[in-house]
Visitor: 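Pasting in a structure now, in structure tokens, and then I'll have a few things to ask.
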Amino acid sequence: MSVEQTDKQLLHLIQSNFPVVPHPFAEIGQQLGISEQEVLERIARLQQEGIIRRLGGLFDSRKVGYTGTLCALQVPEADIDRAASIINSYPGITHNYLRNHHYNMWFTLLAPSEQHINDILTEIKQKTGLMNILNLPALNIFKVRVNFNLSEVQHVD
Amino acid sequence: MLTELEKQIIRELQQGLPLVARPYLALSKKLGLSEDELIAKINEMISSGLIRRFGAALRHQKLGYTANAMVVWDVPDELAADTGQLLAGMAEVTHCYQRPRQSGWPYNLFTVIHGQTREQCEDLASVMAEKIGVPNYMLLFSIIELKKSSMQYFAD
């Protein structure tokens with residue numbers, strides 16, 4: 001399955017700077033030369049297919065008043081499912097990946113304060129029994145960008 | 001400090017825009033505002049940077065970006081800021097952070113790059129290494145995505 005040209009243009013257009021005007025879908029339709037109704041239908045389908053995860057605002061967690069960190073821990077192979085279900089149960093843990101390193105589980109954690117972060121990490125240590133967690137809060141943020149260059153997109157799984 | 005109204009708007013916008021012809025009108029009714037007031041408020045939140053990006057969050061794996069690599073760099077501390085800026089300027093780098101070193105963890109700059117294959121990421125990292133003159137780096141590929149979600153702020 002390949003992403004069809006109009007879908008690709010649509011995705012490119014709505015990744016950022018989604019119009020904040022009374023009729024946003026009509027405005028997008030005008031730019032693409034399709035109707036407002038067709039824009040709505042395409043977005044609904046792309047959401048259903050899971051290509052669009054969400055249409056809305058992405059917030060600056062610091063300006064919202066939250067603090068965040070990146071953590072890594074060493075989890076024995078046989079323990080991965082158990083540890084992941086404990087860790088993923090916290091809503092502030094937004095991303096969690098297995099990676100090819102002896103620190104094999106990497107997750108991001110957002111919480112209203114540093115105290116909350118420390119409390120959650122202490123709880124995770126107690127519940128998982130895994131004591132060796134790297135806590136790597138950002139000292140400097142040089143770039144956070146989440147747009148993709150859709151002109152390079154060729155295939156969809 | 002955010003106002004109660006701003007928190008309410010955040011709660012609504014993180015649920016996603018309703019797919020109707022006038023989504024802001026629909027949301028404004030829930031918030032007890034006029035459509036114009038909500039539009040003005042959202043624009044204000046965008047220009048203040050509280051809303052970092054307004055639009056569609058995409059699942060990049062579904063778009064063929066199957067290999068994402070976290071590339072970690074061991075950069076002399078006094079060069080970390082300049083090197084971080086340099087890396088951030090590269091189009092293929094989507095995230096660039098400085099983080100503390102720890103015992104057993106010598107890396108202090110973290111970048112995320114996305115490619116269509118692992119090989120592409122490896123090639124890219126070696127080009128980056130040459131450009132910044134940092135030989136000590138490592139690629140950590142994601143093997144399994146265990147969780148990816150959007151943060152729900154003020155969910156209580």
Visitor: Using modelled atom types and a 3.5 Å cut-off, is there a donor and acceptor pairing between side-chain atoms of B/Lys147 and backbone atoms of A/Thr94?
Guide: no
Visitor: Tell me, for B/Tyr24 versus chain A, whether the close heavy atoms (under 4.5 Å) come from the side chain, the backbone, both or neither.
Guide: side chain
Visitor: Could you state the interatomic distance from CD (B/Glu6) to NZ (A/Lys63), rounded to the nearest 0.5 Å?
Guide: 12.5 Å
Visitor: Tell me if the CD atom of B/Glu130 is crowded by more than 12 foreign heavy atoms within 6.0 Å.
Guide: no
Visitor: Would you say the side-chain atoms of B/Lys148 pair up with the backbone N or O of A/Tyr97, donor to acceptor, closer than 3.5 Å?
Guide: no
Visitor: Look at A/Ile43, A/Val64, A/Thr108 and state which one has the largest set of heavy-atom pairs under 4.5 Å with chain B.
Guide: A/Val64
Visitor: Does any heavy atom of chain B fall under 4.5 Å from the side chain of A/Val21, the backbone, both, or neither of them?
Guide: backbone
Visitor: If you take all heavy atoms of A/Phe142 and B/Ala88, which pair is closest and at what distance?
Guide: O-CB, 3.6 Å
Visitor: Can you tell which part of B/Gln14 gets under 4.5 Å to a heavy atom of chain A, answering side chain, backbone, both or neither?
Guide: both
Visitor: Within the side chain of A/Gln15, is there an N or O that forms a donor-acceptor pair under 3.5 Å with the backbone of B/Gly55?
Guide: no
Visitor: Given a strict heavy-atom distance threshold of 4.5 Å, which part of A/Ser61 is in contact with chain B: side chain, backbone, both, or neither?
Guide: both
Visitor: Using non-hydrogen atoms only, which part of B/Leu38 is less than 4.5 Å away from chain A: side chain, backbone, both, or neither?
Guide: neither
Visitor: Please say whether more than 12 non-hydrogen atoms of neighbouring residues, nucleotides or ligands are located less than 6.0 Å from CG in A/Asp81.
Guide: no
Visitor: Can you tell me if A/Lys143 uses its side chain to pair, donor with acceptor, with the backbone of B/Met90 under 3.5 Å?
Guide: yes
Visitor: Would the number of heavy atoms belonging to other residues, nucleotides or ligands and lying under 6.0 Å from NZ of A/Lys125 be above 12?
Guide: yes
Visitor: Is it the case that more than 12 heavy atoms not belonging to A/Glu114 sit under 6.0 Å from its CD atom?
Guide: no
Visitor: Heavy-atom cut-off 4.5 Å, strictly under: side chain, backbone, both or neither for A/His101 against chain B?
Guide: side chain
Visitor: Please classify the contact of B/Leu139 with chain A as side chain, backbone, both or neither, using a heavy-atom distance under 4.5 Å.
Guide: backbone
Visitor: Any chance you could measure B/Leu19, atom CG, to A/Leu55, atom CG, to the nearest 0.5 Å?
Guide: 6.5 Å
Visitor: Which atoms of B/Val112 are under 4.5 Å from chain A, going by heavy atoms: the side chain, the backbone, both sets, or neither?
Guide: neither
Visitor: Please tell me whether A/Val20 and B/Ile51 are part of a single hydrophobic cluster in this structure, the criterion being side-chain heavy atoms less than 4.5 Å apart.
Guide: yes
Visitor: Name the option with the most non-hydrogen atom pairs under 4.5 Å to chain B; the candidates are A/His95, A/Arg53, A/Glu36, A/Gln47.
Guide: A/Arg53
Visitor: What residue in A/Ser85, A/Ala44, A/Pro24 has the most heavy-atom pairs under 4.5 Å with chain B?
Guide: A/Pro24
Visitor: Taking the side chain as every heavy atom from C-beta outward, state whether A/Asn140 and B/Tyr97 have any pair of such atoms under 4.5 Å apart.
Guide: no
Visitor: Backbone N or O of A/His23 within a donor-acceptor pair of the B/Arg22 side chain at under 3.5 Å?
Guide: no
Visitor: Can you tell me which of A/Ala72, A/Ala84, A/Gly56 forms the most heavy-atom pairs within a distance under 4.5 Å of chain B?
Guide: A/Gly56
Visitor: By the rule that ILVMFWY residues connect when side-chain heavy atoms come within less than 4.5 angstrom, directly or transitively, which residues belong alongside A/Leu109?
Guide: A/Leu73, A/Val75, A/Ile80, A/Ile87, A/Tyr90, A/Ile93, A/Leu98, A/Met105, A/Phe107, A/Ile117, A/Ile120, A/Leu121, A/Ile124, A/Leu130, A/Ile133, B/Ile143, B/Ile144, B/Leu146
Visitor: Considering only heavy atoms and a distance below 4.5 Å, find which of A/Val39, A/Leu134, A/Asn104 pairs most often with chain B.
Guide: A/Leu134
Visitor: Keeping the roles fixed (side chain from B/Arg52, backbone from A/Leu58), state whether a donor-acceptor pair exists under 3.5 Å.
Guide: no
Visitor: Is B/Leu2 in contact with chain A via its backbone, its side chain, both, or neither, using a 4.5 Å heavy-atom distance?
Guide: side chain
Visitor: Would you mind checking which part of A/Asn17 comes under 4.5 Å of any heavy atom in chain B, side chain (CB onward), backbone (N, CA, C, O), both or neither?
Guide: backbone
Visitor: Can you say whether A/Pro112 sits under 4.5 Å from chain B via the side chain, the backbone, both, or neither, judging by heavy atoms?
Guide: neither
Visitor: If I measure from the heavy atoms of chain B, does A/Phe59 come under 4.5 Å with its side chain, its backbone, both, or neither?
Guide: both
Visitor: For residues A/Asn135 and B/Gln102, report the shortest heavy-atom separation together with the two atoms involved.
Guide: O-NE2, 2.6 Å
Visitor: Can you tell me how far CD of B/Gln98 sits from CG of A/Leu136, rounded to the nearest 0.5 angstrom?
Guide: 12.0 Å
Visitor: Please state whether the side chain, the backbone, both or neither of A/Leu46 comes within less than 4.5 Å of a heavy atom of chain B.
Guide: neither
Visitor: Would you mind checking which part of A/Gln37 comes under 4.5 Å of any heavy atom in chain B, side chain (CB onward), backbone (N, CA, C, O), both or neither?
Guide: neither
Visitor: Which atoms form the tightest heavy-atom contact between B/Met151 and A/Pro91, and what is the distance?
Guide: SD-O, 3.9 Å
Visitor: Side chain from CB out, backbone as N, CA, C, O: work out which of these in B/Met70 comes under 4.5 Å of a heavy atom of chain A, or both, or neither.
Guide: both
Visitor: Take B/Tyr153 and A/Leu110 through the test side chain to side chain contact (heavy atoms under 4.5 Å, CB included) and record every step on the way to the result.
Guide: CA-CA 9 Å; B/Tyr153 297 102; A/Leu110 283 172; 3.7 Å; yes
Visitor: Checking B/Arg59 side chain against A/Ile52 main chain: does a donor-acceptor pair fall under 3.5 Å?
Guide: no
Visitor: For B/Ser48, which atoms come within 4.5 Å of any heavy atom of chain A: side chain, backbone, both, or neither?
Guide: backbone
Visitor: Where is the tightest heavy-atom contact between A/Pro22 and B/Pro23, given as atom of each residue plus distance?
Guide: O-CD, 4.4 Å
Visitor: Count the heavy atoms belonging to other residues, nucleotides or ligands that lie under 6.0 Å from CD of A/Gln48, then report whether that count exceeds 12.
Guide: no
Visitor: Got a second to check how far B/Ser142's OG is from A/Asn96's CG, nearest 0.5 Å?
Guide: 11.0 Å
Visitor: Would you say the side-chain atoms of B/Arg99 pair up with the backbone N or O of A/Leu139, donor to acceptor, closer than 3.5 Å?
Guide: no
